[in-house]
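One structure coming up, written as structure tokens, with questions to follow.
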Amino acid sequence: MSNLEDIGLETVTMNIVDKKKPDLPDFGELAGVVIMGGPMGALDYDKYPGLKAEAKLARAAVASGKPILGVCLGHQIIATALGAQLRKGDAPEIGFAPIKRVDKHDFFSMWDKQLTVLHWHNDVVGLPEGGQLLARSSSTKVQAFRLGSALGMQFHLEVCGSLLDEWLDEPSMVKDLKAAGGSKSQLREQFAQYDQLLHPLAEQVFSGFAARCNSYAQTLNK
């Protein structure tokens, strides 16, 4: 969000998963949409009715060409909203592991063919019809994709040291980490190893998205 605020775009952060009819900002006044992660499944509509509103928002953003970015659960919400299939992965993908870039995108122009990133998910999605596959891993065929104005990333470039500490203070997340064969100390060591390498790549993705939002905002003022 700081990339958006740095260029003067006001941001509103909302948690709407529990609300059947959330009070959202006027869609016509939005310059972009970001959908982040969470522990629920993208299609858990009965337990989390707000997910339907997020899916509807994703479809509307793509239909109107409004920039939209999804991370982890957000990636899955956008993909399923655009017709992709959701399923449980063969095994949880938690911790640092490599992905392979399979196509070019201007957000990823600095990326090597292979890159080690932070994963934290159980479910996986297919590629929506008409989507461009950007990255995959050995266990997740769609790690990143674009379709029109949408960019989805299954992995986590947004995690900083303080956010990682928050995650590792959450008992349910630590339980999942240990069940996947990891440990808090190991993950902190991996974060220290890879964070400085990932930071400029994350900055390119998020500043690029912010620039697109800024360009779209200019059309709202006409």
Which pairs of donor and acceptor atoms, one on a side chain in residues 78-87, lie under 3.5 Å apart (sequence neighbours left out)?
residue: Thr80; atom: OG1; partner: Gln76; partner atom: O; Å: 2.8
residue: Thr80; atom: OG1; partner: Ile77; partner atom: O; Å: 3.2

Side-chain contact test, heavy atoms from C-beta onward, threshold under 4.5 Å: evaluate it for Leu118 versus Leu187 and give yes or no.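 In contact.
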By salt bridge (charged side-chain N to carboxylate O under 4.0 Å, His left out) - contacts of Arg188 (at least two apart):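 Residues passing salt bridge (charged side-chain N to carboxylate O under 4.0 Å, His left out) with Arg188: Asp165.
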Qualifying side-chain hydrogen bond (donor to acceptor under 3.5 Å, both in side chains) pairs with a residue from residues 171-183, counting only residues at least two apart or across chains: Glu170-Ser172, Ser183-Ser185
Same hydrophobic cluster for Met153 and Val102, using side-chain heavy-atom links shorter than 4.5 Å among ILVMFWY?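 No, no single cluster joins them.
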Would you mind reporting whether Leu151 and Phe209 have side-chain heavy atoms less than 4.5 Å apart? no
Residue pairs involving residues 37-48 (criterion salt bridge (Lys or Arg N to Asp or Glu O under 4.0 Å); sequence neighbours excluded):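 Passing the test, one end in residues 37-48: no pairs.
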Who passes salt bridge (charged side-chain N to carboxylate O under 4.0 Å, His left out) against Asp169, sequence neighbours left out?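 Counting only residues at least two positions away or on another chain, Asp169 forms no salt bridge (charged side-chain N to carboxylate O under 4.0 Å, His left out).
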If you look only at distance, which donor and acceptor atoms sit under 3.5 Å apart when one is on a side chain in residues 63-71 and the other is two or more places apart or in another chain?
residue: Ser64; atom: OG; partner: Ala60; partner atom: O; Å: 2.9
residue: Ser64; atom: OG; partner: Ala61; partner atom: O; Å: 3.2
residue: Lys66; atom: NZ; partner: Phe27; partner atom: O; Å: 3.2
residue: Lys66; atom: NZ; partner: Leu30; partner atom: O; Å: 2.6

According to ring pair (Phe, Tyr, Trp, His ring centres under 6.0 Å), who are the partners of Trp167, at least two apart in sequence or on a separate chain? Trp120, His156
Mind jotting down which residue pairs meet the salt bridge (Lys or Arg N to Asp or Glu O under 4.0 Å) criterion with at least one end in residues 13-42? Sequence neighbours excluded, please.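 Checked against salt bridge (Lys or Arg N to Asp or Glu O under 4.0 Å) - neighbours excluded - no pair reaches residues 13-42.
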What pair of heavy atoms forms the shortest contact from Cys160 to Phe191, and how long is it?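 Residues Cys160 and Phe191, closest heavy atoms: C-CZ, 3.6 Å.
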How far apart are the closest heavy atoms of Ile35 and Ala58, and which atoms are they? CD1-CB, 4.5 Å
Determine, using the 4.5 Å side-chain heavy-atom cutoff (strictly less than), whether Leu73 and Leu157 are members of one ILVMFWY cluster. no
Minimum heavy-atom distance Gly37-Cys72, with the two atoms named: CA-CB, 4.4 Å
Would you give the length of the straight line joining atom CG of Leu197 to atom OG1 of Thr116, rounded to the nearest 0.5 angstrom? 9.0 Å
Could you tell me if the side chain of Glu93 sits less than 4.5 Å from the side chain of Gln143, heavy atoms only? yes
Please answer whether the main-chain N or O of Arg136 pairs with a side-chain N or O of Thr140 as donor and acceptor at a distance below 3.5 Å. no
Close side-chain approach of His199 to Leu201, heavy-atom, < 4.5 Å: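 Counting from C-beta outward, His199 and Leu201 never come under 4.5 Å.
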Residues His119, Gln154; criterion side-chain contact (heavy atoms from CB on, under 4.5 Å); working and verdict: CA-CA 7 Å; His119 307 268; Gln154 181 64 71; 5.8 Å; no
Within residues 45-96 or reaching into it, pairs that qualify as ring-ring contact (aromatic ring centres under 6.0 Å, His included) - sequence neighbours excluded: His75-Phe145, Phe96-Tyr194
Listed by chain and number, what are the side-chain contact (heavy atoms from CB on, under 4.5 Å) partners of Leu24, not counting sequence neighbours?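 If we apply the side-chain contact (heavy atoms from CB on, under 4.5 Å) test to Leu24, skipping adjacent residues, the hits are Met14, Ile16, Pro22.
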With salt bridge (Lys or Arg N to Asp or Glu O under 4.0 Å) as the rule and sequence neighbours excluded, what pairs involving residues 116-127 come up?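 Checked against salt bridge (Lys or Arg N to Asp or Glu O under 4.0 Å) - neighbours excluded - the pairs reaching residues 116-127 are Lys88-Asp123.
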Partners meeting salt bridge (charged side-chain N to carboxylate O under 4.0 Å, His left out) with Arg146 (sequence neighbours left out): none
Are Ile94 and Leu164 connected in a single hydrophobic cluster, I mean Ile/Leu/Val/Met/Phe/Trp/Tyr linked by side-chain heavy atoms less than 4.5 Å apart? yes
Look at the side-chain heavy atoms of Ile, Leu, Val, Met, Phe, Trp and Tyr, link any pair under 4.5 Å apart, and say whether Val159 and Val117 land in one connected group. yes
Membership question, hydrophobic clusters at under 4.5 Å side-chain separation (ILVMFWY): are Leu198 and Leu163 in the same one? yes
Determine whether Ser137 and Ile99 make a side-chain contact, defined as any pair of heavy atoms from C-beta on separated by less than 4.5 Å. yes
